[in-house]
Amino acid sequence: MSEALLVQEDQIEVTFPDGSVKTFAKGTTGLTIAGTISKSLAKAALAVTINGELADLSRPLEESCALTIVKREDEQALSLIRHDAAHVMAQAVQELFPGTQVTIGPSVEDGFYYDFARDEPFSTEDLEKIEKRMRQIVERGATFTREIWDRNDAIAYFKKQGEQFKVELIEDLPEGEEISLYRQGEGDEGWLDLCRGPHLPTTRHVGTAFKLTKVAGAYWRGDSSKAMLSRIYGTAWRDDKELKAYLNRIEEAEKRDHRKLGKEMDLFHFQDEAPGQVFWHPKGWTVYVALMDYMRRKVKKYDYVEVNTPQMLDARFWKKSGHWDKYRENMFVLEDEETSEHPFALKPMSCPGNAQLYNYGIVSYRDLPIRMAEFGRVFRKEPSGARHGLMRVQAFTQDDAHIFCTDEQLEDEVVSMCDLIREVYTDLGMADHITINFSTRPEQRIGSDEDWDRAENALQKVLDRIGMKWVLNPGDGAFYAPKLDFILTDAIGREWQCGTIQVDMNMPTRLDMSYVAPDGEKARPHMIHRAILGSVERFIGVLIEHYAGKLPLWLAPVQCVVATVTGKADDYAQDIVKKLKEQGVRATLDIRNEKINYKVREHSAVGKVPVMFVVGAREAEENTVAIRRLGSKDQSVESLESAITTLAQDCKPPY
RNA sequence: GCUGCUGUAGCUCAGUGGUAGAGCACACCCUUGGUAAGGGUGAGGUCGAGAGUUCAAUUCUCUCCAGCAGCACCA
């Protein structure tokens, strides 16, 4: 007879993480169970997980289950603390600013937010007041109580409270779904919010390690046609040490901001007169060119041909491709559409241009696949609030390519592209930092469902073959093709799309592309769009933040500064720079009348130059150099000849 | 585009209803110094643009432009 049958009807079996099983009366709470294990555990318990799902400590257990007790040191405690902090903040706001409506307030990475509807904006001083009130509410130690409400009662209650947004939320909940409210505090004194939970036992459990960080606008339900709400962000942690560490981490990350480093390192600047366009300084342009040269070598290695197409084309191409309908507002159109029969526009992407090259002449199946690369300079009129340093500009260069191929060639081509992308990201030190998004058909799209099925299946098969981690991003494909997007993050964790692979079965038809098949009949090629860096500008921004300005030697704008300790070594230093340049090293000379401390600080801390050769009378006499590598405190003295040979070798870019 | 904030010297920032100040950078001088800021002197500003209020606006108000944070968008 199995043990399970011995369990009486009014009892349940609880399995603990160590595998032990105990029997309890039905309806026993996690808190009671924790108490049977030890008093200290009951005290430390914050919540439970029931079959892996987080739940209130006070939740009665109705069925046999696997149970864990969540304590403050557990990772799950963080999201509880943050979610509760959001509730506490909402209560604080309503106490301080009566009439403010609450909407939603989830926990997010590193913290939480709550969206409020209020006529007046929240000021920075308001944040201080709110935070102070939050600490009082935490101090009160009000109990969180879960209540199940009747749908109509809940709607009536929130209507009476003037909470239109909560009413809308409840009305939109599927029929039959349990409507749970959480009360913090006792009876009518308590503050009620619609919430799925779970929560901590009391507000006191939130602790003191939180801080309100910023106030910003956010649309109701993420929809720009709906009301703009005031969102207050906060961060919350298990203890003050964690909070301090977080604030410190943010501060450090902000020092890596590419806009800040771009100025300090003299790489580029922006001006009001050219919004979203880069003024590249000599040093920044050196990085740009080094990266482009590298990409050109890669593309050659992978059997691409490089082409170049016009910057400015008749809008008929965009109308034909469908971009005009969807992106007209974001294109720079050069002539008045009203008066000109053929308005021209700056190209926002290179696809139609490359298609013209394909269409020039007759393509045989023997010519396929054609891998056509173009470092295309494109222009996109971005919404004013979207521009962001190098990451989102209005004029940029894509390391674009279009592969035209047959159905049979499709998958291998995409796999080979993934190899190339992986190779490039590895060379650039970013391989471990990419997220791949598989973005499938959007609601607004062109083409038949059969074609979308085929294109998505092809990408799915490739993903199965390449064995890289990926995330499904349903509905986020381009209007003409599903895609794999390669996402990188900046210093403070914002995500930026860099590489992309798009399997397109629509443009070839739209742009009248064909090839002659073995049977002599015309056939439609497939078109794969791909970019590896994406935007060269954006990728440099990401690289700067990733390396905190300390770019790998081969990309560093200045690879070596030869600096003198005394004027007596000027001639020697000049000679060294000349020799370095002969070996292809980007070297500069610093014989200014300054102390060596000053020069070291300027080139290392500020300029991020990877290598310094320091020379004085001694080195000039002995034909040596004192080598200082960025990041290391000490230096080594080497003979000039071997120092140059070694450095020249280290500066070689990857092939 | 939306909400909020910001715009003063090349950079980072202070300041004021009576037309401006610091540090760094720059120029010159002193200093020739051995690994993360040596000292002195000097030059440098239409206070984002336009309009309004005022005897007087860099300062107050409005509009526009640009930037920052977040949201929305991103072929």
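The model shown is predicted, which means the values in this text are computed figures rather than measured ones. The sequence lines fix the lettering, A, B, ..., with proteins before strands; numbering per chain opens at 1.
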Problem - Minimum-distance nucleotide (side-chain atoms of A:Q497 versus B:G70, B:A36, B:A75) - result: B:A75
Exercise for the section: Between A:D485 and A:P383, name the one whose nearest nucleotide on RNA chain B is closer to the 5' end. Expected result: A:P383
Practice task
With heavy atoms under 4.0 Å as the rule, sort A:A274 into base, sugar-phosphate or nothing.
Solution key: nothing
Exercise for the section: Respond yes when some side-chain nitrogen or oxygen of A:K326 is under 4.0 Å from OP1 or OP2 of B:C73, and no when none is. Expected result: no
Exercise for the section: Would you classify A:Q271 as touching base, sugar-phosphate or nothing, given that sugar-phosphate means primed atoms plus P, OP1 and OP2, and contacts are heavy atoms under 4.0 Å? Expected result: nothing
Exercise for the section: Mind checking A:F122 for me? I need base, sugar-phosphate or nothing, with any heavy atom below 4.0 Å counting as a touch. Expected result: nothing
Exercise for the section: Scan A:K483 against the nucleic acid and name what it touches under 4.0 Å (heavy atoms): base, sugar-phosphate only, or nothing. Expected result: sugar-phosphate
Exercise for the section: Can you check whether any acceptor in the base of B:C74 is under 3.5 Å from a donor in the side chain of A:R387, or vice versa? Expected result: no
Handout entry: Under 4.0 Å protein heavy-atom contacts per nucleotide of nucleotides 46-51 of chain B, with B for base, S for backbone only and - for none
Key = ------
Handout entry: Separation of the C1' atoms in B:A9 and B:A43, to the nearest angstrom
Key = 11 Å
Problem - Shortest side-chain distance from A:A386, nucleotide among B:A72, B:U32, B:G4 - result: B:A72
Problem - Aromatic centroids of A:F344 and A:F332 separated by under 6.0 Å - result: no
Practice task
Please determine, for B:A57, whether a Watson-Crick or G-U wobble partner exists with both distances under 3.5 Å, and give it or none.
Solution key: none
Practice task
Look at the side chain of A:Y219 against the base of B:G1 and say whether a donor-acceptor pair falls under 3.5 Å; ignore hydrogens and angles.
Solution key: yes
Exercise for the section: Taking the six-membered ring for Trp and the single ring otherwise, decide whether the centroids of A:F165 and A:W220 are under 6.0 Å apart. Expected result: yes
Exercise for the section: Give one of base, sugar-phosphate or nothing for A:N330, where a contact means two heavy atoms less than 4.0 Å apart. Expected result: base
Exercise for the section: Step through it carefully: locate the ring centre of A:Y480, locate the ring centre of A:H529, and say whether they are under 6.0 Å apart. Expected result: yes
Exercise for the section: Sticking with atom P, work out how far B:G48 lies from B:U59, rounded to a whole angstrom. Expected result: 8 Å
Exercise for the section: Indicate, with yes or no, if the rings of A:F116 and A:Y114 have centres closer together than 6.0 Å. Expected result: yes
Problem - Where protein sits on nucleotides 23-30 of chain B, one letter per nucleotide: B base, S sugar-phosphate only, - none, heavy atoms under 4.0 Å - result: --S----B
Exercise for the section: Would you confirm whether the ring centroid of A:W280 sits within less than 6.0 angstrom of the ring centroid of A:H269? Expected result: no
Handout entry: Watson-Crick or G-U counterpart of B:A22, or none if no pair lies under 3.5 Å
Key = B:U12
Problem - Out of B:G70, B:G4, B:A36, whichever nucleotide has its closest atom nearest the side chain of A:Y233 - result: B:G70
Exercise for the section: Give a yes or no on whether a salt bridge exists between A:R371 and A:E413, defined as a side-chain N under 4.0 angstrom from a carboxylate O. Expected result: yes
Fill in the blank from the handout: Closest of B:A36, B:A66, B:G1 to the A:N597 side chain is B:A36
Fill in the blank from the handout: Of the listed B:A66, B:A75, B:G70, the closest approach to the A:R231 side chain comes from B:G70
Problem - Under 3.5 Å donor-acceptor pair, A:E329 side-chain atoms to B:G1 base atoms - result: no
Handout entry: Ion pair A:D400/A:K347, N-O distance below 4.0 Å
Key = no
Practice task
For A:A626, report the nucleic acid contact type (base, sugar-phosphate, nothing); a contact means any heavy atom under 4.0 Å.
Solution key: base
Exercise for the section: Would you classify A:K599 as touching base, sugar-phosphate or nothing, given that sugar-phosphate means primed atoms plus P, OP1 and OP2, and contacts are heavy atoms under 4.0 Å? Expected result: nothing
Handout entry: Euclidean distance for P, B:A20 against B:G1 (whole angstrom)
Key = 36 Å
Exercise for the section: For B:C5, give its Watson-Crick or G-U wobble partner with both distances under 3.5 Å, or none. Expected result: B:G67
Handout entry: Ring centroids of A:Y327 and B:A75 base under 5.5 Å with planes under 30°
Key = yes
Practice task
Tell me whether the OP1 or OP2 atom of B:G34 has a side-chain N or O from A:R618 closer than 4.0 Å.
Solution key: no
Practice task
May I ask you to evaluate whether A:K226 reaches the phosphate of B:A72, defined as a side-chain N or O under 4.0 Å from OP1 or OP2?
Solution key: no
Handout entry: Cationic tip of A:R118 above A:F122 ring, under 6.0 Å, 45° of axis
Key = yes
Exercise for the section: Report yes if a side-chain nitrogen or oxygen of A:H388 is closer than 4.0 Å to either non-bridging phosphate oxygen (OP1 or OP2) of B:A69; otherwise report no. Expected result: yes
Problem - Side-chain donor-acceptor pair present, A:Y233, A:R231, cut-off under 3.5 Å - result: yes
Handout entry: Ring centers of A:H323, A:F479 separated by less than 6.0 Å
Key = yes
Problem - Interatomic distance at P, B:C5 relative to B:U61, whole Å - result: 11 Å
Handout entry: Rounded distance in Å between the P positions of B:C74 and B:U54
Key = 49 Å
Completion exercise
Comparing A:R392 with A:T566, nearest RNA chain B nucleotide closer to 5' gives the residue A:T566
Practice task
Ignoring backbone atoms, establish whether A:R494 has a side-chain N or O less than 4.0 Å from OP1 or OP2 of B:A69.
Solution key: yes
Handout entry: Nearest-nucleotide pick for A:A605, side chain only, options being B:G34, B:A36, B:G67
Key = B:A36
Exercise for the section: Check every atom of B:C11, B:G70, B:C71 against the side chain of A:K263 and return the nucleotide holding the closest atom. Expected result: B:C11
Practice task
Report yes if a side-chain nitrogen or oxygen of A:S224 is closer than 4.0 Å to either non-bridging phosphate oxygen (OP1 or OP2) of B:G1; otherwise report no.
Solution key: no
Exercise for the section: List the steps, then state whether ring-ring contact (aromatic ring centres under 6.0 Å, His included) holds for A:W237 with A:Y246. Expected result: CA-CA 9 Å; A:W237 299 84; A:Y246 166 75; 5.2 Å; yes
Handout entry: Atom C1', compared across B:C47 and B:A14: separation rounded to whole Å
Key = 13 Å
Handout entry: Lys/Arg-Asp/Glu bridge criterion (N-O < 4.0 Å) met for A:K260, A:D257
Key = no
Handout entry: Side-chain N,O (A:R380) to OP1/OP2 (B:A75) below 4.0 Å
Key = no
Exercise for the section: Please state the P separation for the pair B:A22 and B:G44 - nearest whole angstrom. Expected result: 13 Å
Practice task
In whole angstrom, give me the gap between the C1' atoms of B:U58 and B:U16.
Solution key: 9 Å
Exercise for the section: Ignoring backbone atoms, establish whether A:R259 has a side-chain N or O less than 4.0 Å from OP1 or OP2 of B:C11. Expected result: no
